[in-house]
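Some notes on the structure that comes next.
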Amino acid sequence: MRADRLVSLVLLLRQHGRLSAAELARELEVSTRTVLRDIEALSAAGVPVYAERGRHGGFALLPGLQTELSGLNHDEALALLVAGSRRGASVFGLGSALASAMRKVVDALPEHDRAAAASSAQRVLIAPETDLLARRLTAEEMPDTVVAEVRRAVVAGHKLRILYAAAEQAPKWRTVDPIGLVNVRDQGYLLATRAGADRTYRLSRLLAAEELDEPAQRPDQVDLDRVWRERSARFRTGGDQVTVLVRVNPARREDLMGTALAVRAEGADADGRLRLEVTFQDLRHAEWALWQLATDAEALDPQWLRTSLRNRAAEVAARYGASS
């Protein structure tokens, strides 16, 4: 909305002192022509914004605009700014709104706390794009229009019509009663019911969405954390899951745990290696997970998995064998 953009423009100028039209356009995700029109609108409304010409020129505000948020201490402001750095907002299409909200929080702080809070927030990083092994942690990308429609239906409590592409199935339209949205490791999920049955939809598989006028059939209050735990537990115990007996180097235990669904039993062998009975989602999941651990893990049972890994290793060895 233009009103929100005008407020954000004013806050940007207050926090940075002076910005060019191109810099403002980049921050607000609009064209420079839109920025110039907004500057004119602010001036016409009496907001003291003026242009400084020259190589280092731009737009700035005359001193005097002040908004203060009383009762917000340093740690509270820091918590808000750190929360604002999390990438999960992008999963639900709230990235721009979050950036705008953070500008308002910073601007509303008492002047003597503003710089301190911003500086402190630079010392805390939540969910970076890569881990220590430089593995990129990429959030799933979804059309903003689809995510926005889903989000509106969830918040308004309306039924939702979605075009969903389940794994290895043709896309199909479904009408659901949305319960809530969950973000786990940069993957977004819609929790809903369909014809009274629990359903969990991955947002990246939604091709289209339409909020309906009809009220959703759902409780007025929800403990989303509890609902997610219950559905996660059912997911781990259903489907085509397989149980594997594996010996693993203790140093790689956490790597195995990061991919397995559950651990049913655990013990130690005489040589110090761990012997675990773990569950994977399906056959491909089990083979993939153990292949990542190379010689640090050995599948003891079932035999089909040992055979599959041996054949895969033989193919790799043949590929990299001595050339003639």
Which atoms form the tightest heavy-atom contact between [X] and [Y], and what is the distance?
{"X": "Arg253", "Y": "Val248", "value": "N-CG2, 4.5 Å"}
{"X": "Leu290", "Y": "Ala299", "value": "CD1-CB, 3.6 Å"}
{"X": "Pro178", "Y": "Leu160", "value": "CD-N, 4.2 Å"}
{"X": "Ala21", "Y": "Val35", "value": "O-CG2, 4.0 Å"}
{"X": "Ala289", "Y": "Thr259", "value": "CB-OG1, 3.6 Å"}
{"X": "Ala165", "Y": "Leu207", "value": "CB-CD1, 4.3 Å"}

Salt bridge or not for [X] and [Y], using N-O below 4.0 Å?
{"X": "Glu266", "Y": "Arg275", "answer": "no"}
{"X": "Arg226", "Y": "Glu230", "answer": "yes"}
{"X": "Arg247", "Y": "Asp271", "answer": "yes"}
{"X": "Arg218", "Y": "Asp177", "answer": "no"}
{"X": "Glu298", "Y": "Arg306", "answer": "yes"}

I want to check something: taking the side chain as every heavy atom from C-beta on, are [X] and [Y] in contact at a cut-off of under 4.5 Å?
{"X": "Asp301", "Y": "Val244", "result": "no"}
{"X": "Leu163", "Y": "Lys172", "result": "no"}
{"X": "Thr200", "Y": "Leu190", "result": "no"}
{"X": "Leu36", "Y": "Phe59", "result": "yes"}
{"X": "Arg152", "Y": "His158", "result": "no"}
{"X": "Val242", "Y": "Asp282", "result": "no"}
{"X": "Leu224", "Y": "Ile179", "result": "yes"}
{"X": "Asp38", "Y": "Leu24", "result": "no"}

Are Glu23 and Ser20 close enough, and set up right, to give a side-chain contact (heavy atoms from CB on, under 4.5 Å), and what steps lead you there? CA-CA 5 Å; Glu23 290 170 329; Ser20 68; 3.2 Å; yes

Determine whether a donor-acceptor pair (N or O, by modelled atom type, separation under 3.5 Å) exists between the side chain of Glu29 and the backbone of Ala25. no

Do any N or O atoms from the side chain of Ser31 and from the backbone of Thr34 form a donor-acceptor pair under 3.5 angstrom? yes

Set of side-chain hydrogen bond (donor to acceptor under 3.5 Å, both in side chains) partners for Thr243, sequence neighbours left out: Arg264

Check step by step if side-chain contact (heavy atoms from CB on, under 4.5 Å) holds for Ile162 and Trp173. CA-CA 6 Å; Ile162 59 175; Trp173 283 99; 5.5 Å; no

Under the side-chain contact (heavy atoms from CB on, under 4.5 Å) rule, what do Val227 and Asp198 come out as? Steps first, then yes or no, please. CA-CA 10 Å; Val227 173; Asp198 291 344; over 6 Å; no

Of all residues at least two apart in sequence or in a different chain, which pass the side-chain contact (heavy atoms from CB on, under 4.5 Å) check with [X]?
{"X": "Arg205", "answer": "Tyr164, Ala167, Arg202"}
{"X": "Pro250", "answer": "Leu274"}
{"X": "Val316", "answer": "Trp291, Tyr320"}

Which residues end up grouped with Val155 if you chain together Ile, Leu, Val, Met, Phe, Trp and Tyr wherever their side-chain heavy atoms are less than 4.5 Å apart? none

Please go through Leu300's hydrophobic cluster and name the other residues, only I, L, V, M, F, W, Y counting, with side-chain heavy atoms under 4.5 Å joining them. Leu245

Looking only at side-chain N and O atoms, does Thr175 offer a donor or acceptor that is under 3.5 Å from a partner on Arg161? no

Any side-chain donor paired with an acceptor under 3.5 Å for Gln241 and Thr279? no

Separation of [Y] [atom2] from [X] [atom1] (nearest 0.5 Å):
{"X": "Thr145", "Y": "Glu149", "atom1": "OG1", "atom2": "CD", "answer": "8.5 Å"}
{"X": "Glu287", "Y": "Leu309", "atom1": "CD", "atom2": "CG", "answer": "5.5 Å"}
{"X": "Arg273", "Y": "Arg252", "atom1": "CZ", "atom2": "CZ", "answer": "10.0 Å"}
{"X": "Arg199", "Y": "Leu191", "atom1": "CZ", "atom2": "CG", "answer": "13.0 Å"}
{"X": "Thr307", "Y": "Arg312", "atom1": "OG1", "atom2": "CZ", "answer": "14.5 Å"}

Quick check: are there more than 12 heavy atoms from other residues, nucleotides or ligands sitting under 6.0 Å from CG of Asp213? no

Please say yes or no: joined through hydrophobic side-chain contacts below 4.5 Å, possibly via intermediate residues, are Leu256 and Trp288 part of one cluster? no

What do you reckon, are the aromatic ring centroids of Tyr189 and Trp228 less than 6.0 Å apart? yes

